[in-house]
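Values below: all heavy atoms of this structure, side chains included; hydrogens, waters and symmetry mates excluded. As the structure is a computational prediction, the values presented were derived from the model and not from experiment.
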Amino acid sequence: MPEYIEEAARIGPVQIIVFPEGYTGYYDLAMSRETVTPYCVEVPDVGGELPSVNPCDSKGNYSDQLSRVSCYAREYGVVIVTNICEYKSCSNFNDPYCPPDAHYQFNTNLVFSSNGDLIATYRKSHEAGHCQILDQPHTPDYTTFTTPFGITFATFVCADLQYVYPPLEYVRNGIKHFVHTTDTPGGTTYSVPMLLNGWSLTNQVNIIQGNAETSGIGIYSAGTPLVSAGPFVYDTSKHMVIVSQLPVTPTYGFQAAVAGSAELHFAPLQPPTRQESLPAPTHDRVFGLPVVAFNISDFSAVAGAQGSASVSLTYKNYGTISCYVSYSVLKTIANTTASGGDKYALAASLGYFEEQNTIDNLANAHCLLGHCPGGKESLCTVADSVQSYTPSSWFASAQIEATFPAQWASESSLFAMAGTGFAGQPIGTDFVSLQKTTPSSFAMKLTQQPVDPLFSFGFRVTYFPPEFLNKDNMK
């Protein structure tokens with residue numbers, strides 16, 4: 001941990017640093033509940049009206065994990081957000097939700113102030129894929145904290161981003177600054193930098209994100225990627241630190257006076273003991289989600305071409321998703337034009353979480369203009385690897401309009417995403433405008449021609465069934 005803080009400080013003054021989900025390594029052991037348990041530690045209750053504690057001052061009373069981070073926060077004078085596996089004893093006598101082994105294993109963010117005090121904890125509220133191994137609270141957690149430099153943050157973990165509670169609840173309550181820890185692998189059309197930048201754009205907030213995986217990291221302000229990096233080819237010897245100044249008020253087009261990144265190199269780690277492989281690159285998945293319905297309209301981009309495409313999709317009782325795009329192509333790499341053009345597709349899709357070991361089932365709709373790696377229709381909008389992200393067409397203009405089912409309009413989480421160039425690095429708001437044209441329709445367009453070829457561009461909306469809109473129903 002000190003190496004990261006010191007490297008960040010070489011780029012610019014550091015007030016807060018965010019480490020990834022699973023930073024202490026317990027995620028690599030998440031093959032069973034029993035293999036994770038020895039890496040979980042007890043955490044004192046803090047936050048709200050409860051007093052903070054300082055593990056650095058009372059090392060004998062707290063785990064070594066907590067004491068070390070507390071001392072680092074004090075030594076370097078920086079707020080530290082890190083993630084651990086929390087061990088919490090319970091009993092079936094007074095807790096009907098208590099697991100059979102008489103303890104909870106929570107995926108928990110810890111917040112240490114710059115004097116070493118543990119001032120806040122947050123338990124991941126939506127476990128995606130680690131049910132029975134890691135537990136989630138009976139009702140979604142809600143945690144904010146105020147730093148010594150006067151900014152109030154909210155925090156959540158990985159898949160929580162897709163839900164009403166707590167992310168949209170934070171937004172509705174006026175929170176403008178977020179820290180997000182995640183362990184999200186790459187290999188899909190929507191890179192993590194695109195997803196986070198899209199969420200910051202649609203909610204007009206600042207986000208600082210730490211990611212333990214290859215899909216990328218970033219710091220964003222109201223849709224402006226102040227600094228982002230990745231996706232990366234997996235290399236356990238290489239670690240990335242990014243630093244940026246953030247505005248007190250999230251600002252469209254903010255220009256950071258200090259922003260940069262640096263690589264740290266360590267001895268390669270042993271491969272994780274968990275076996276985690278990406279799904280086959282077919283139309284049955286978009287952004288890592290199973291897709292139950294998919295429809296595309298594909299076309300070839302050649303220099304000077306202008307055109308439009310539309311596609312719609314109706315599936316069971318979810319309603320109809322309609323997508324429309326108009327575009328003009330500025331140029332393509334010469335050999336791409338000679339071979340008939342760079343293939344793109346306008347896609348409408350519907351997916352949902354109903355995978356094994358996933359608690360919450362949510363519907364996700366997509367309207368996406370995406371590159372088809374290698375011109376293969378089977379890979380349109382579902383790239384199979386970082387190496388496949390090789391668009392070679394520059395768009396002079398593009399506008400995509402999306403209409404989602406009317407019943408989705410009242411409560412939905414919109415991710416307006418645009419990526420450009422290799423591996424879908426996000427385009428900032430200097431290049432993109434977003435407009436809600438009706439309660440259930442959105443329009444997004446390029447306002448100027450990006451520097452790099454266009455990778456993908458569009459919307460993702462998550463539908464929350466009525467039972468998800470009442471926090472008390474989530475027990």
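Side-chain contact between I84 and L110 is present, with at least one heavy-atom pair separated by less than 4.5 Å. Residues M240 and I242 form a side-chain contact, since some pair of their non-hydrogen atoms from C-beta on lies under 4.5 Å apart. The shortest distance between side-chain heavy atoms of F442 and Q435 does not fall below 4.5 Å. With contacts defined as side-chain heavy-atom distances shorter than 4.5 Å, the pair L201/Q204 qualifies. For the pair L161 and Y163, the minimum side-chain heavy-atom distance is 4.5 Å or more. Side chains of V329 and V302 form no contact here, defined as non-hydrogen atoms less than 4.5 Å apart. For the pair L246/I219, a side-chain contact is recorded, criterion being any heavy-atom separation below 4.5 Å from C-beta on. In this structure, the side chains of N109 and T82 stay at 4.5 Å or more apart for every pair of heavy atoms.
Aromatic ring pairs are classed by plane angle as parallel below 30°, tilted from 30° to 60° and perpendicular above 60°; the pair F156 and Y170 is parallel. Between F19 and Y4, the angle of the ring planes goes over 60°, which puts this pair in the perpendicular group of the 30/60° scheme.
Between the OG atom in S328 and the CG atom in L446 there is a gap of 9.0 Å [rounded to 0.5 Å]. Rounding to the nearest 0.5 Å gives a distance of 9.5 Å between CD1 of I321 and OG of S312. A distance of 12.0 Å separates OG in S200 from CD1 in I208, rounded to the nearest 0.5 Å. Once rounded to the nearest 0.5 Å, the distance linking CD of E401 with SG of C367 reads 10.5 Å. In this structure, the separation between OG on S221 and NE2 on H177 is 8.5 Å, given to the nearest 0.5 Å. Atom NZ of residue K176 and atom OG1 of residue T249 lie 9.0 Å apart, to the nearest 0.5 angstrom.
The two residues V248 and I151 make their nearest non-hydrogen contact at CG1-CD1, 4.0 Å. F145 approaches A120 most closely through the heavy-atom pair CB-CB, 3.9 Å. Here the shortest heavy-atom pairing between C323 and A348 reads SG-CB, 3.7 Å. The nearest pair of heavy atoms linking F459 to A443 is CZ-C, 3.8 Å. When all heavy atoms are compared, the tightest approach of V18 to H180 is CG1-O, 4.1 Å. The two atoms that bring S308 and Y327 nearest to each other are N-CE2, 3.6 Å, heavy atoms only.
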Practice problem: Go through the steps for V14 and I5 under the test side chain to side chain contact (heavy atoms under 4.5 Å, CB included), then give the verdict. | Solution: CA-CA 8 Å; V14 177; I5 301 171; 5.6 Å; no
Exercise. May I have the step-by-step check of side chain to side chain contact (heavy atoms under 4.5 Å, CB included) for L369 and L454, ending in yes or no?
Key: CA-CA 9 Å; L369 171 65; L454 186 67; 4.0 Å; yes
Quiz prompt | Pair L168-N203, side chain to side chain contact (heavy atoms under 4.5 Å, CB included): steps then yes or no | solution = CA-CA 9 Å; L168 294 186; N203 294 298; 4.0 Å; yes
Self-check item: Verdict with reasoning, T182 to V157, per side chain to side chain contact (heavy atoms under 4.5 Å, CB included)
Solution: CA-CA 6 Å; T182 190; V157 183; over 6 Å; no
Exercise. Given side chain to side chain donor-acceptor pair (under 3.5 Å), test S125 with Y122 step by step and report yes or no.
Key: CA-CA 9 Å; S125 298; Y122 171 81; 3.1 Å; yes
Practice problem: Applying side chain to side chain donor-acceptor pair (under 3.5 Å), run through T332 and S393 and close with a yes or a no. | Solution: CA-CA 4 Å; T332 61; S393 300; 5.3 Å; no
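Side-chain atoms of S441 and T403 form a donor-acceptor pair, as typed in the model, at a separation below 3.5 Å. Checking E86 against T108 by side-chain atom types alone, a donor-acceptor pair falls below 3.5 Å. One side chain, N83 or N107, offers a donor N or O that lies under 3.5 Å from an acceptor on the other. Between the side chains of T152 and T144, no donor-acceptor pair of N or O atoms lies under 3.5 Å. Donor-acceptor pairing under 3.5 Å is recorded for the side chains of Y142 and N173.
For H126 (side chain) and Q136 (main-chain N/O), no donor-acceptor pair under 3.5 Å exists by modelled atom type. Between the side chain of N206 and the main chain of P247, a donor-acceptor pair closer than 3.5 Å is present. Side-chain atoms of D141 come within 3.5 Å of backbone atoms of R123 as a donor-acceptor pair (strictly under, hydrogens ignored). No donor-acceptor distance shorter than 3.5 angstrom exists from the side chain of Q105 to the backbone of L134, with no hydrogens or angles considered.
Using a 4.0 Å cut-off between charged side-chain N and carboxylate O, K124 and D135 make no salt bridge. A salt bridge is defined here as a Lys NZ or Arg NE, NH1 or NH2 lying under 4.0 Å from an Asp or Glu carboxylate O, and E169 with R172 fails to meet this definition.
Proximity of the aromatic rings of Y220 and W199 is defined here by a centroid distance below 6.0 angstrom, and this criterion is not met.
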